[in-house]
Participant: 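Structure in structure tokens, see below.
The analysis underlying the following values was restricted to heavy atoms, covering all of them including side chains, and did not include hydrogens, waters or symmetry mates. Everything quoted here is computed from the prediction, not taken from an experiment.
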Amino acid sequence: MKKSLVMMLTLLFVATSLLAACGSSSSGNSGDTATNDKPGEEKKVEPFELTLRHTQLGEAKKNRLAILEDVVKATETENEGLTIKLDGVDSEVNRKEKLRGEMAQGNPPDIFDAFGSPDVGVFAKEGLVLDITSIIEELGLKEKFGTALDPWTVDGKVYGLPIGGSIEGYFYNKEYFEQKGLKAPTTIAELEQLAEKIKADGKIPFAQASKDAWVPLMTTNNLWAYTAGSDFTYGFKKGETKWNDPKMVQALAKHQEWIQKGYYKKGELGLAYGDQRNQIINGEAIMMFDGSWANSVFLDPAQAGDMVGKIGFFLMPPFNAGDGYSIMQDSNNGYAFSAKVADDEQKLAAVKSFIKNLYSEEMQVRGLKEDGVLPAMQIPTDKMNEVVSNDLMKEIISTLENVKYKWPAFDALVQADVNTELSKEIQKMIGGEATPQEVLDKVQAVQEKANASE
């Protein structure tokens, strides 16, 4: 009985469909595709969703989040039916845990915060990241990034875009320097003399929080760029240079020396990144080595309080006078997209719209003005000068005139496993559990293993 009923219903459905098709064909529009839409009625767009993983969490990143939210609103307006779901995750958790797990499962977010090299390069080779070369060519963006696209390019194809650029250097308490008659150093020896005077005055010379290893590694990386050379890191992945080279040991030994001399706050391994900024804001510390992005904190009364307008900036100086300044200049953090987006026309169109809205001169200049992030795109100097009104940002930009060597951060040039090992070992050194030689011997062993597996 049930089978008969099912068959009758099936035949009824087929017959009804055929009659509907015949009616459509005899309506005088035989050349048109059959449709059930009523004349003059707009075709209903099915709602769809994009997931956007970002790392703009906390007070220090509120301006970046505001820019992202405005881009999201504009993109949703341009794409009917679209809802973009924001998924905020801590940067380190996203990069080293969550995103890796999602990639292993072949299911990353549609849009996600990423590091170009080596991360996106690895994901791209596995076919997990969207090739956006044709999109940025269509939008006329490819030539506007210059060399900033290098970390995002694999075999001539582009798999993501940097959101901004940055350099690293020392933020310092200008008021304290003026009161004590101190000046920005021109050599490492002069920097150490400053540290000794500050320590003798009962202050912490260098604010630092090393719970996340990448924070102290900024200092270490800049030191070895001087002792080993600005291009030394390029050779690790090729086997042309070694981590345990004596020149590398010299750099880590200098960092360890500063720790042993008490230039940093005791217990730094238990302090989160934001705490080092608090150390200089509350007057506990006088200098802080950090990325240029941190300048936005010192421009915000809600975060910096009375220290607004009292912070300056200088680059880590060379060991020897006249050697020329060497700096990390980075464009390795930004956004990439899931390869699965290409299988959905609506999502692909929305991603193109997102790229158009986020990567514009307007948004790059806004990032510089509101958040102090150096543009990743090539923006005319006069345009930047128009929007930079604070002395701190002007000081940061002016330091670029003195730079002789520029290089990317080490984690853009080595495999993820090597980065993980160095992070673990540098914290052991900070905690007094390993010597510089022991640290670098272990890192070199992991480097050789990673090179052999490629």
Side-chain angles (χ1 to χ4, degrees), residues 45 47-91 94-95 99 108-116 120 129-130 132-142 144-145 148-149 152 158-166 293 296 300 330-338 340-342 344-379 383-384 387:
V45 176
F48 67 106
E49 183 178 276
L50 284 178
T51 301
L52 195 168
R53 168 75 50 71
H54 70 90
T55 60
Q56 312 310 327
L57 303 179
E59 186 71 12
K61 295 183 178 180
K62 65 179 183 180
N63 291 333
R64 285 176 236 180
L65 180 58
I67 292 173
L68 182 62
E69 288 175 335
D70 285 349
V71 168
V72 165
K73 289 177 184 177
T75 304
E76 288 177 332
T77 299
E78 293 174 356
N79 295 268
E80 188 177 355
L82 171 64
T83 298
I84 297 180
K85 179 183 177 182
L86 291 175
D87 176 26
V89 176
D90 174 78
S91 179
N94 175 59
R95 184 183 187 189
L99 190 57
D110 299 303
I111 305 171
F112 53 91
D113 183 282
F115 284 78
V120 164
V129 189
L130 182 68
I132 61 169
T133 310
S134 61
I135 293 177
I136 61 175
E137 287 176 345
E138 179 184 336
L139 295 174
L141 293 175
K142 190 172 183 180
K144 293 185 178 182
F145 284 93
L149 286 183
W152 304 86
V158 182
Y159 290 93
L161 295 170
I163 193 58
S166 62
W293 60 81
S296 62
D300 182 5
D330 188 47
S331 59
N332 200 32
N333 181 229
Y335 289 98
F337 314 88
S338 170
K340 291 183 178 180
V341 166
D344 188 314
E345 290 185 5
Q346 284 183 304
K347 286 189 174 185
L348 188 60
V351 162
K352 185 185 297 185
S353 181
F354 174 83
I355 291 172
K356 174 181 66 69
N357 291 324
L358 182 58
Y359 294 98
S360 65
E361 182 174 297
E362 176 190 355
M363 286 302 176
Q364 290 279 295
V365 169
R366 183 178 166 187
L368 174 63
K369 180 180 180 180
E370 298 179 12
D371 200 36
V373 175
L374 296 172
M377 297 171 65
Q378 296 175 337
I379 305 297
K383 177 71 72 172
M384 288 194 287
V387 300

Participant: Would you compute the distance between atom CG of Leu348 and atom CD1 of Ile132 and round it to the nearest 0.5 angstrom?
Facilitator: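 Interatomic distance, Leu348 CG to Ile132 CD1, rounded to 0.5 Å: 11.0 Å.
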Participant: Of the non-hydrogen atoms in Tyr359 and Leu141, which two are nearest, and what is the gap between them?
Facilitator: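 Here Tyr359 and Leu141 meet closest at O-CD2, 3.4 Å.
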Participant: What verdict does the side chain to side chain contact (heavy atoms under 4.5 Å, CB included) test give for Thr77 and Leu82, after you've listed the backbone C-alpha separation in whole Å, the side-chain angles of each residue and the deciding distance to 0.1 Å?
Facilitator: CA-CA 8 Å; Thr77 299; Leu82 171 64; over 6 Å; no
Participant: Just wondering, do Trp293 and Asp371 contact through their side chains at under 4.5 Å, heavy atoms?
Facilitator: no
Participant: What verdict does the salt bridge (charged side-chain N to carboxylate O under 4.0 Å, His left out) test give for Arg53 and Asp87, after you've listed the backbone C-alpha separation in whole Å, the side-chain angles of each residue and the deciding distance to 0.1 Å?
Facilitator: CA-CA 5 Å; Arg53 168 75 50 71; Asp87 176 26; 2.6 Å; yes
Participant: Determine the minimum heavy-atom distance between Ser296 and Ala60, stating which atoms define it.
Facilitator: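 Nearest heavy atoms, Ser296 then Ala60: OG-O, 3.9 Å.
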Participant: With the side chain counted from C-beta on, respond yes when Asp110 and Val351 share a heavy-atom pair under 4.5 Å apart, and no when they do not.
Facilitator: no
Participant: If you look at every heavy atom in Gly164 and Val373, which pair is closest and at what distance?
Facilitator: CA-CG1, 3.8 Å
Participant: When you measure from the side chain of Glu361 to the backbone N and O of Ile379, does any donor-acceptor pair fall under 3.5 Å?
Facilitator: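 Pair absent, no side-chain N/O of Glu361 close to backbone of Ile379.
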Participant: So Lys347 and Leu50, do their side chains get closer than 4.5 Å, heavy atoms only?
Facilitator: yes
Participant: Determine the sole option in Tyr159, Phe115, Phe337 for which the side chain to side chain contact (heavy atoms under 4.5 Å, CB included) test with Val120 is passed.
Facilitator: Tyr159
Participant: In Å, rounded to the nearest 0.5 Å, how long is the span from OG1 of Thr75 to CD1 of Ile84?
Facilitator: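 Answer rounded to 0.5 Å: 5.0 Å.
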Participant: Using every non-hydrogen atom in the two residues, find where Asp330 and Asn332 come nearest and quote the distance to one decimal.
Facilitator: OD1-CB, 3.1 Å
Participant: Going by side chain to side chain contact (heavy atoms under 4.5 Å, CB included), name the residues that satisfy it together with Leu65, two or more places apart in sequence or in a different chain.
Facilitator: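 In terms of side chain to side chain contact (heavy atoms under 4.5 Å, CB included), with neighbours along the sequence ignored, Leu65 is linked to His54, Gln56, Glu69.
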Participant: Is a donor on one side and an acceptor on the other found under 3.5 Å between the side chain of Trp152 and the backbone of Ser331?
Facilitator: yes
Participant: Using atom types as modelled and distance alone, determine if a side-chain donor or acceptor of Asn357 lies under 3.5 Å from a backbone N or O of Ser353.
Facilitator: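 Judged by distance alone, yes, a pair lies under 3.5 Å.
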Participant: Can a side-chain donor-acceptor contact be found between Thr55 and Asp113 if the only test is distance below 3.5 angstrom?
Facilitator: yes
Participant: Ignoring hydrogens and geometry, is there a side-chain-to-backbone donor-acceptor pair from Gln364 to Ile163 under 3.5 Å?
Facilitator: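 Pair found, side chain donor or acceptor close to backbone of Ile163.
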Participant: State the OG1-CD distance between Thr133 and Glu138, to the nearest 0.5 angstrom.
Facilitator: 12.5 Å
Participant: Where is the tightest heavy-atom contact between Ala148 and Pro162, given as atom of each residue plus distance?
Facilitator: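 Taking Ala148 first and Pro162 second, the nearest heavy atoms are O-CG, 3.7 Å.
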Participant: Would one find more than 12 heavy atoms of other residues, nucleotides or ligands at under 6.0 Å from atom NZ of Lys352?
Facilitator: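 Result for NZ/Lys352: open.
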Participant: Are any of the side-chain heavy atoms of Tyr335 and Leu52 separated by less than 4.5 Å?
Facilitator: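 They are in side-chain contact.
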Participant: As an exercise, state the distance from CG of Leu368 to CE of Met384, rounded to the nearest 0.5 Å.
Facilitator: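 Leu368 CG to Met384 CE: 7.0 Å, rounded to 0.5 Å.
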Participant: Look at the side chain of Glu49 and the backbone N and O of Lys85, then say whether any donor-acceptor pair between them is shorter than 3.5 Å.
Facilitator: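 No.
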Participant: Is any side-chain N of the basic residue among Lys62 and Glu59 closer than 4.0 Å to the acidic one's carboxylate O?
Facilitator: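 A salt bridge links Lys62 with Glu59.
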Participant: Considering non-hydrogen atoms only, spot the tightest contact between Lys142 and Val158 and give its length.
Facilitator: CE-CG2, 4.5 Å
Participant: For Lys356, does the NZ atom sit with more than 12 other heavy atoms under 6.0 Å from it, leaving out its own atoms?
Facilitator: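 Buried by this count: over 12 neighbours within 6.0 Å.
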Participant: For the backbone of Glu370 and the side chain of Asn63, can you confirm whether one donor and one acceptor N or O come within less than 3.5 Å of each other?
Facilitator: yes
Participant: Is there a donor-acceptor contact under 3.5 Å from the side chain of Asn333 to the main chain of Ala114?
Facilitator: yes
